[in-house]
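So the structure is just underneath, and the comments pick up after that.
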Amino acid sequence: MKRTVFPTPAPKTVLSKSTLSAALAFTVLAAGSLGVLSSPAHASDDMCNVPKADWKTKEALSEKLTAEGWDVRKIKTEDGCFEVYAIDANGKKVEAYFNPATFEAVKIKKQD
């Protein structure tokens with residue numbers, strides 16, 4: 001008959017409150033700095049840095065896109081750009097970002 005050996009638990013380690021506090025502080029700081037360093041850069045950050053006084057209206061963008069065959073569903077402001085949800089001239093769902101001063105497309109995501 002085969003004998004099964006169960007592992008013995010590791011001895012308990014007692015840490016002082018100051019050691020635990022230091023470890024917690026280090027963990028929080030490390031996690032926070034990773035969040036700052038790993039934050040994604042948006043394509044729109046550089047392209048849509050336009051003063052509000054130079055912005056055109058959402059209605060003007062909607063008219064421009066409608067004239068190009070788009071069916072505009074929603075336009076909102078996101079990261080200084082106009083974010084547009086629409087169906088493009090080819091019938092594809094689109095999420096697009098436009099410079100609010102020039103209406104230049106900064107980023108376009110099409111759904112297949």
Side-chain angles (χ1 to χ4, degrees):
M1 178 151 99
K2 198 172 199 182
R3 187 170 206 187
T4 304
V5 178
F6 294 99
T8 58
K12 292 184 179 180
T13 306
V14 178
L15 299 175
S16 68
K17 282 187 176 182
S18 63
T19 304
L20 289 174
S21 295
L24 179 62
F26 176 77
T27 303
V28 168
L29 287 174
S33 63
L34 283 176
V36 169
L37 294 175
S38 65
S39 64
H42 297 283
S44 59
D45 286 348
D46 296 329
M47 300 299 290
C48 294
N49 191 11
V50 178
K52 282 266 192 187
D54 297 338
W55 285 28
K56 296 178 184 175
T57 65
K58 292 178 186 178
E59 292 77 19
L61 177 58
S62 180
E63 289 173 11
K64 175 188 180 294
L65 295 174
T66 301
E68 294 175 5
W70 288 36
D71 180 13
V72 177
R73 303 294 171 92
K74 181 178 180 180
I75 299 177
K76 66 179 191 173
T77 304
E78 182 73 33
D79 295 328
C81 290
F82 284 143
E83 182 178 11
V84 177
Y85 295 91
I87 307 294
D88 69 5
N90 298 322
K92 301 279 185 182
K93 284 186 178 180
V94 175
E95 179 182 345
Y97 297 84
F98 292 89
N99 180 305
T102 64
F103 292 157
E104 176 186 353
V106 175
K107 181 177 170 184
I108 297 178
K109 296 184 215 173
K110 292 187 179 187
Q111 191 177 48
D112 294 329

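Throughout, numbering of the chain's residues begins at 1 and tracks the sequence. Quick caveat: nothing in here was measured; it's all calculated off a predicted structure.
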Classify the ring geometry of W55 against F82: parallel below 30°, tilted from 30° to 60°, perpendicular beyond 60°.
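Ring orientation, 0 to 90° scale: perpendicular.
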Taking every non-hydrogen atom, the tightest pair across [X] and [Y]:
X    : Y    : value
I75  : V72  : CG1-CG1, 3.7 Å
W70  : A89  : CD1-N, 3.9 Å
C48  : D79  : CB-O, 4.1 Å
V106 : N99  : CG2-N, 3.7 Å
V50  : A101 : CG1-CB, 3.6 Å
K76  : K58  : CA-NZ, 4.0 Å

Could you measure the distance from the CG atom of D71 to the OG1 atom of T66? Nearest 0.5 Å is fine.
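Reported value, rounded in 0.5 Å steps: 7.5 Å.
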Under 4.5 Å between any side-chain heavy atoms of I87 and R73, yes or no?
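A side-chain contact exists here, since the closest heavy-atom pair is under 4.5 Å.
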Taking the side chain as every heavy atom from C-beta outward, state whether T77 and E83 have any pair of such atoms under 4.5 Å apart.
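Side-chain contact under 4.5 Å: no.
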Greater than 12 external heavy atoms within 6.0 Å of K64's NZ:
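Check passes, neighbour count above 12.
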Can you name the residues that form a side chain to side chain donor-acceptor pair (under 3.5 Å) with E59, not counting sequence neighbours?
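With sequence neighbours excluded, E59 shows a side chain to side chain donor-acceptor pair (under 3.5 Å) to no residue whatsoever.
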